[in-house]
Amino acid sequence: MPVITANQAQAEYDVIVVGSGAGGQTAYTLTMEGAKVLMLEAGRDYDPVQETPMFQTNRQAPLLGAGTMDKPFGFHDATVGGGWQVPDEPYTQVHTDPARQFEWWRSRMMGGRTNHWARHSLRNGPYDFKPKSRDGLGFDWPMSYEDLAPYYDKVEMLIGVYGENNGLENTPDSSPGVLQPPPIPRANEQLAKKFMAPMGIPVIPLHRAVLTQRQDPAVLPPKIHPGNAKAQRILAKAMSERAACFWATPCGRGCTIRANYQSTTVHLPPALATGNLDIIANAMVREVTLNARGLADGVIYIDKTTGTERRAKARVVALAASGMETVRIMLNSKSARFPQGVANSSGLIGRYVMDTVGASLSAQIPLMESLPPHNEDGAGGSHSYVPWWLYREQLAGKLGFARGYHIEFGGGRSMPGMGTGGGLEQHTRGSYGLKLKEDARRYYGSFMYFSGRGEMIPNDGSYCELDPVVKDKWGIPVLRFSWLWSEHEVRQADHMEQTFGDVVAAMGGRVLGRGGSRQRISPTSPLEMGGRVIHEVGGAIMGSDPAKSVTNQWGQTWDVPNLFLTDGAPFAGNADKNPTETIMALAWRASDHLLAEMKKGSF
Ligand SMILES: Cc1cc2nc3c(=O)[nH]c(=O)nc-3n(C[C@H](O)[C@H](O)[C@H](O)COP(=O)(O)OP(=O)(O)OC[C@H]3O[C@@H](n4cnc5c(N)ncnc54)[C@H](O)[C@@H]3O)c2cc1C
Ligand code: SF4
């Protein structure tokens, strides 16, 4: 992927976009509409088409591909620069109790976390934008589902999302012709569906950013870019270069055939093809600079290849560095006008950080034993899920917690790795020799995993701030986190675990245990630590009152009108739905607003 060096940059751009992950949607939208954009990315350049180890077997990797401290998701995982700890870029904690700590996963590479995310692409529903109006807790967003719906359609058509319209409560349908057909449910999902139906729990096709068929380059581009012939032409070419999934490889490694969504295969190539985008990699943005009128006029960044400080100039700055990094840049952008960080007159930057509530359970299902060898696992990720189904009971106050969760399934017969067969002796009673081989075949594919993904209500105890002492390698102050799960999240996780246990019992299975002990807040709780689900958002929430929020509904900061936030930082709540599709839809909407304001000459 072509990138320029700092020396090759133009003197000034229309817009600087910081970060190349899902928030990179911003650069796509702006360049397709003709704006000149400079993207600054702290990680190295990365091209999935050239670099993805798509067909490597686990046997070709050290430790059969097992996760290590450096590569927690396995040797072949797409993250080439990042993890729970990033060299030279520490973060700190206010508290020592794990229940009060936040774990921060970062990807330092072109495309950020979109190279290896699980690609679950759910829309927030109408209730999710007005939670306070429903139950008095948290904050209403300054917008409605209807405001964002056209942008969800555009994002889904652009990136390609499989799924189905099921007409369920607060689980929005897409417009006709938008979704790709879903793959048939996996064997364990079909079994779960059979036993969950009598329990009143719906199992429906998951929405995931994977192409199950080729995109139609004649039909989709005019819908996505009406009246823009150049954008349609570029997008049609980009779509024709994407293939449909061939159901064979783990999506977490990335996809050389561009069948799944990564910013590096879907957003950046057409944006670059416009000729309107320059990208500088290894550019660590430290702060936003302001002109004498208090408007943003650019950024200061560290060129990591030389360690030198550089400046870049633009009419508008959009921060899409991933929610917490955006917060960090803002807090580090101190000036006489904003001694507490740029656009921070409310004092709310860093407040109301949210993650997804997580709890998981593994089980062994005898009905799945001794299946004939088959290869029907399909796309490298789930095909089905359970949307939250107890809205009425919850609103009636019968559950003891205020917000819902959805259920994701794991299991199947993927390529054996280091962990395959681990713990088999508790089922085989220590068989060996030929019997062990028979047992390994009998139990392979009979294990199932249930993960709950729930809504977190923003609270005062979950925040980040600048550490007064610790700095990163480039002398930039780092973030210090505090975390607090309220009783709502604690009880919700208990409910998840109870439900999973009931389902396993109904399936005639045997519960094996909870998710990893190091990931939970305590040995006695199923609840995972803050940040562990890697859905962190908030920290610069949007609202309708400048005294109680950082941005308006377009991610435009109240204090500095030409400073936009186009990642998860402005989320005013974190519904159970995985956040990334909403990040992209908001970024597209914010970019349209930005373009309209630029045309009016507002900045
Ligand atoms: C294993 C895993 C599975 C996931 N599964 C899902 C899922 O199924 N569904 C879902 O919705 N979400 C999922 N997520 C979360 C999803 O990846 C994020 O929500 C999404 O990538 C956020 O996009 P972003 O652009 O804000 O941040 P990122 O994708 O992290 O991109 C931010 C980019 O900004 C760069 N950057 C940071 N700081 C600076 C700086 N100071 N200067 C310059 N550049 C900077 C980073 O290097 C990075 O490339 C998953 C995440 C992980 C790790
Ligand atoms: S399973 Fe499909 S989408 Fe996923 S990496 Fe393989 S080909 Fe690509």
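Both ligands and their constituent atoms are indexed starting at 1 by order of listing. We number each residue from 1, following the sequence as shown.
Under the 4.0 Å criterion applied to side-chain N and carboxylate O atoms, R286 and E325 are not assigned as salt-bridge partners. Salt bridge R453/D576: absent, no basic N to carboxylate O contact under 4.0 Å. The pair R44-E51 counts as a salt bridge, with a side-chain nitrogen and a carboxylate oxygen less than 4.0 angstrom apart.
Cation-pi geometry between R351 and Y463 is satisfied (NZ or CZ under 6.0 Å from the ring centre, within 45° of the ring normal). W388 does not carry R403 over the face of its six-membered ring by the limits of under 6.0 Å from the centre and within 45° of the normal.
Close N/O approach between V285 and ligand 1 is found [any backbone or side-chain N/O within under 3.5 Å]. Considering both main-chain and side-chain atoms, V18 never comes within under 3.5 Å of ligand 1 through any nitrogen or oxygen pair. By the 3.5 Å distance cut-off applied to N or O atoms, M284 is not counted among the residues near ligand 1. For a threshold of 3.5 Å applied to N or O pairs, the pair formed by G24 and ligand 1 contains no separation below that value. Among the atoms of M109, some N or O lies under 3.5 angstrom from an N or O of ligand 1.
Partners of T5 according to the side-chain hydrogen bond (donor to acceptor under 3.5 Å, both in side chains) rule, which considers only residues two or more places apart in sequence or in another chain, are Q8.
Close contacts between ligand 2 and G254 involve ligand atoms 5 (S) [criterion: under 4.0 Å to a heavy atom]. Remark: ligand 1 atoms within the under-4.0 Å shell around heavy atoms of G112 are 29 (O), 31 (O), 48 (C), 49 (O). Which parts of ligand 1 touch D567 is read off a 4.0 Å heavy-atom cut-off, strictly below it: atoms 26 (O).
In terms of protein heavy-atom proximity, atom 15 (C) of ligand 1 is closest to I534 O, 3.3 Å. The nearest heavy-atom contact from the protein to atom 7 (S) of ligand 2 is F246 CE1, 3.4 Å. Distance from atom 10 (C) of ligand 1 to its nearest protein heavy atom, with residue and atom name: T580 OG1, 3.1 Å. In terms of protein heavy-atom proximity, atom 24 (P) of ligand 1 is closest to A22 N, 3.8 Å. Of the protein's non-hydrogen atoms, A118 N, 2.9 Å is the one closest to atom 5 (N) of ligand 1. Given atom 9 (N) of ligand 1, the protein heavy atom at minimum distance is H120 O, 2.9 Å. For atom 27 (O) of ligand 1, the nearest non-hydrogen atom of the protein is S322 CB, 3.2 Å. If you check which protein heavy atom lies closest to atom 31 (O) of ligand 1, you get G21 CA, 3.5 Å. The single protein non-hydrogen atom nearest to atom 50 (C) of ligand 1 is W117 CB, 3.7 Å, given as residue, atom name and distance.
Contact check for N115 versus P48: side-chain heavy atoms found under the 4.5 Å cut-off.
The heavy atom nearest to atom 53 (C) of ligand 1, considering only R119, E41, R328, H116, is found in H116.
Around CG of D88, the count of heavy atoms belonging to other residues, nucleotides or ligands within 6.0 Å exceeds 12.
When every heavy atom of V317 is checked against every heavy atom of A296, the shortest pair comes out as CG2-CB, 4.1 Å.
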Under the side chain to side chain donor-acceptor pair (under 3.5 Å) rule, what do D467 and T92 come out as? Steps first, then yes or no, please. CA-CA 7 Å; D467 188 296; T92 62; 2.6 Å; yes
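For Y152 and W588, the ring centers are positioned 6.0 Å apart or more. Ring-centre distance between F409 and H383: not below the 6.0 Å cut-off. Two rings, from W104 and F481, have their centers less than 6.0 Å apart.
Just one residue in the list V203, L206, I407 forms a side-chain contact (heavy atoms from CB on, under 4.5 Å) with Y385, and that residue is L206. When each of P183, P182, C245 is paired with V210, the side-chain contact (heavy atoms from CB on, under 4.5 Å) condition holds for C245 and for no other.
With a heavy-atom cut-off of 4.0 Å, T79 does not touch ligand 1 at all. Only side-chain heavy atoms of W105 come within less than 4.0 Å of ligand 1; its backbone N, CA, C and O stay farther off. Counting heavy atoms closer than 4.0 Å to ligand 1, residue F73 contributes side-chain atoms (C-beta onward) but none from N, CA, C or O. At a 4.0 Å heavy-atom cut-off, ligand 2 touches M54 through the side chain alone. The backbone of A283, and not its side chain, has at least one atom closer than 4.0 Å to an atom of ligand 1 (non-hydrogen atoms only; backbone = N, CA, C, O). Residue S107 touches ligand 1 through its backbone alone, judged by heavy-atom distances below 4.0 Å.
Using bins of under 30°, 30° to 60° and over 60° for the plane-to-plane angle, the ring pair F55/F246 lands in the tilted bin. The aromatic rings of F73 and H116 lie perpendicular to each other, with more than 60° between the two planes, well past the 30° mark.
Protein N/O/S atoms closer than 2.8 Å to atom 4 (Fe) of ligand 2: C251 SG.
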